[in-house]
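Below you'll find the structure, written out as structure tokens, and then a few comments.
In the text below, chain A, chain B and the rest are named by the order of the sequence lines, each starting its count at 1.
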Amino acid sequence: MLTKFEVEMNTSIIANDRAIRILKNKGALPLTQLARELGLTNEGARFNLIKLAKEGLVSASAVVTGRGRPKQVWALTGAGHALFPDAHAEVAVKLIEQVKTLFGEEGIRAVISASAQDARLRYQAALGGLQDLEAKVKTLAALRDQEGYMARCEQAEQGYLLIEDHCPICSAAAACQNFCSSELQVFRDVLQADVSRTEHVLGGGRRCAYKIVPLKQ
DNA sequence: TAGTGAATTTGCGGATTCGC
DNA sequence: GCGAATCCGCAAATTCACTA
């Protein structure tokens, strides 16, 4: 049984948590659009955003979009992004450094190769019976979402987009970029499609995105 | 061409309502 | 009673159209 205080805190936390998730998911949004996404009035959304801003989790900037007063666009700060799971970052980076020290680049390549093979087997097991590319991409997106990548599938020109709003291995990938290239190859192998990266967190992007089109016959 | 005011759009803040 | 959310009126910032 929750106390009154806990109920009130939870109500507030739920609205704030949703705002953070929406900003993480969709990127910077003007107040009015964020209010629509939250199902609140502008004032209600602003109320929550001001609280989050006081905690240093979000920040606003004015953007001139045409006639009328400039829009106030809200986005996550570094502290806001840090709320998403990356707790093992330091450990992962240290492990990578130690493998490099003990076994050299060859050792790192072997570790990444084994990790990629493990992922390949897992994804192939889940996608095994699927023939349709759309179903494959959706299933892969669901698996990646479960792994903490906040992944989803969208229809794109001539194919599909696999979008990952969060990278739970960002620090490890920054320490060793072979993670990203092997990941790309795993996607190509399990989807049996032409996969290219269109957005990259490590390249300064807000998220990672992959364009997936059927192989030319 | 520059100045000015109307139009447009959004933000702000106080009062009020609602739910627990 | 308290905090969250809404309502409502006003202020602010910008563009656009008109006029001298």
Side-chain angles (χ1 to χ4, degrees), chain A residues 1-90 137-138 141-171 174 197-212:
Chain A
M1 184 66 180
L2 295 175
T3 65
K4 181 189 164 191
F5 174 75
E6 286 167 335
V7 169
E8 282 166 356
M9 284 300 287
N10 281 350
T11 308
S12 172
I13 286 166
I14 287 165
N16 288 346
D17 182 58
R18 283 184 57 223
I20 287 170
R21 285 191 73 85
I22 289 167
L23 288 176
K24 180 72 177 173
N25 205 239
K26 305 210 167 192
L29 288 176
L31 177 70
T32 46
Q33 197 178 333
L34 190 56
R36 268 202 303 275
E37 297 282 346
L38 286 167
L40 300 175
T41 60
N42 289 353
E43 292 83 358
R46 190 160 53 87
F47 181 81
N48 285 292
L49 287 167
I50 288 169
K51 276 201 304 185
L52 291 172
K54 281 179 185 168
E55 294 169 26
L57 300 175
V58 300
S59 63
S61 54
V63 176
V64 177
T65 55
R67 197 169 185 161
R69 189 171 174 162
K71 288 182 176 177
Q72 203 172 47
V73 175
W74 290 83
L76 290 183
T77 61
H81 283 290
L83 292 176
F84 292 84
D86 202 6
H88 302 91
E90 278 183 38
V137 178
K138 281 184 174 171
L143 289 169
R144 300 284 287 178
D145 195 53
Q146 284 169 14
E147 291 169 13
Y149 288 86
M150 293 183 74
R152 65 184 189 279
C153 164
E154 282 184 9
Q155 190 89 36
E157 241 180 275
Q158 301 164 349
Y160 306 92
L161 274 180
L162 173 63
I163 297 168
E164 296 178 345
D165 290 311
H166 180 61
C167 180
I169 63 158
C170 196
S171 299
R197 186 181 280 114
T198 57
E199 292 179 64
H200 197 193
V201 170
L202 291 187
R206 182 177 64 79
R207 62 192 186 181
C208 286
Y210 304 85
K211 187 176 181 184
I212 298 156

Grab the CH2-P distance between A:Trp74 and B:dT10 for me, whole Å please. 16 Å
Could you list all N or O pairs between the protein and nucleotides 13-16 of chain B that sit under 3.5 Å apart?
from, atom 1, to, atom 2, distance (Å)
B:dG13, N7, A:Arg46, NH2, 3.2

For A:Ala151 and A:Ala141, which heavy atoms make the closest approach, and how far apart are they? CB-O, 3.4 Å
Would you indicate whether the side-chain heavy atoms of A:Cys208 and A:Glu199 approach each other to under 4.5 Å? no
Could you state the interatomic distance from OH (A:Tyr210) to CG (A:Leu161), rounded to the nearest 0.5 Å? 12.0 Å
Gap between atoms CG and P, on A:Leu49 and B:dG11 respectively (whole Å): 10 Å
Less than 4.5 Å apart, any side-chain heavy atom of A:Tyr160 and any of A:Gln155? yes
Let me confirm one number: the CZ-CD distance from A:Arg152 to A:Glu164, rounded to the nearest 0.5 Å. 10.5 Å
Would you mind reading off the distance between A:Leu31 atom CG and B:dT10 atom C1', rounded to a whole angstrom? 8 Å
